[in-house]
Amino acid sequence: MRRAVCPGSFDPITNGHLDIIARASRLYDVVHVAVMINQSKKGLFSVEERIELIRQVTADFGNVEVESFHGLLVDFCKQRDIPAIVKGLRAVSDFDYELQMAQMNNGLSGVETLFVPTNPTYSFLSSSLVKEVAAWGGDVAHLLPPVVHEALVERIGKK
C-alpha cells in the first residue's frame, strides 16, 4: 500500500492545503494528514478542532486519515510505515527551508519528501494571512472551504 503524509499546523486549513491533500490522495492509497502540536504556540483553533475540520473537508476523498503529532515528523512516519512526505511549495523562499528539512528527514530516517508546486491560484495563501485579513473584516470566504470559513468567522467574532 502506497502511503504518504501531508504535515502542517492547518490553523485553519485553507483551499491551498486542501489542493495539495487532494492531489496527494490521487497519487497514494492512503494520505495521512498530520496536524502538528506546538505547545509553544497558541493556535486560533485547538488541535482537536483542526482535526475535525480537516476530516469534514477531506471526507469525500475516501483515503485520508487525520491525526495529530508531537515531536519529529520522521518518528510519526516510522511508527506508521510511511515512506513519503508531500509538501506544497508556494515560492522559492519555501523551497530553501523545505529542502533543508527534506535533507534532514532523509538523513535521519530515509523518508523521502516530494514537493508539489502549489496551484497558482493559491500561491500567496497562508493560514496566517487568512486569519489576519479575517480579523480586520476582510472577505476570505473564497480562500477556505465553507465549513472552515464559518468556523473562522464564528471564532473571530468571539474574540
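Keep in mind that what you see is a predicted model, and the values were worked out from it rather than measured. As a basis for the values below, the full set of heavy atoms in this structure was taken, side chains included, without hydrogen atoms, waters or symmetry mates.
With sequence neighbours left out, E150 forms a salt bridge (charged side-chain N to carboxylate O under 4.0 Å, His left out) with no residue at all.
For the residue pair I13 and V148, the shortest heavy atom distance occurs at O-CG1, 3.4 Å. Looking at every heavy atom in both residues, V64 comes nearest to F61 through CG2-CD1, 3.7 Å. In terms of heavy-atom proximity, P7 sits nearest to V86 at CD-O, 3.8 Å. Contact detail for H17 and S127: the closest heavy-atom pair is CE1-OG, 3.2 Å.
Considering only heavy atoms from C-beta on, T113 comes within 4.5 Å of K87 through its side chain. Two residues are said to be in side-chain contact when any heavy atoms from C-beta on lie closer than 4.5 Å; V35 and V66 meet this criterion. Considering only heavy atoms from C-beta on, F10 comes within 4.5 Å of I21 through its side chain. Side-chain contact check for V130 versus L152: some heavy-atom pair is nearer than 4.5 Å. With contacts defined as side-chain heavy-atom distances shorter than 4.5 Å, the pair V116/L89 does not qualify. Between E48 and S68, the closest side-chain pair of non-hydrogen atoms is not below 4.5 Å. R23 places a side-chain heavy atom less than 4.5 Å from the side chain of P117. Taking the side chain as every heavy atom from C-beta outward, R3 and Y28 never approach each other to under 4.5 Å.
Within the structure, salt bridge (Lys or Arg N to Asp or Glu O under 4.0 Å) contacts touching residues 110-132 (residues at least two apart or in different chains) are D11-K131.
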Practice task
Take H32 and R80 through the side chain to side chain donor-acceptor pair (under 3.5 Å) test and state the conclusion after the steps.
Solution key: CA-CA 9 Å; H32 296 261; R80 291 156 183 82; 5.0 Å; no
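Side chain of E52 to backbone of E49: no donor-acceptor contact under 3.5 angstrom is found.
F69 and F76 have tilted rings, their planes meeting at an angle from 30° to 60° on a 0 to 90° scale.
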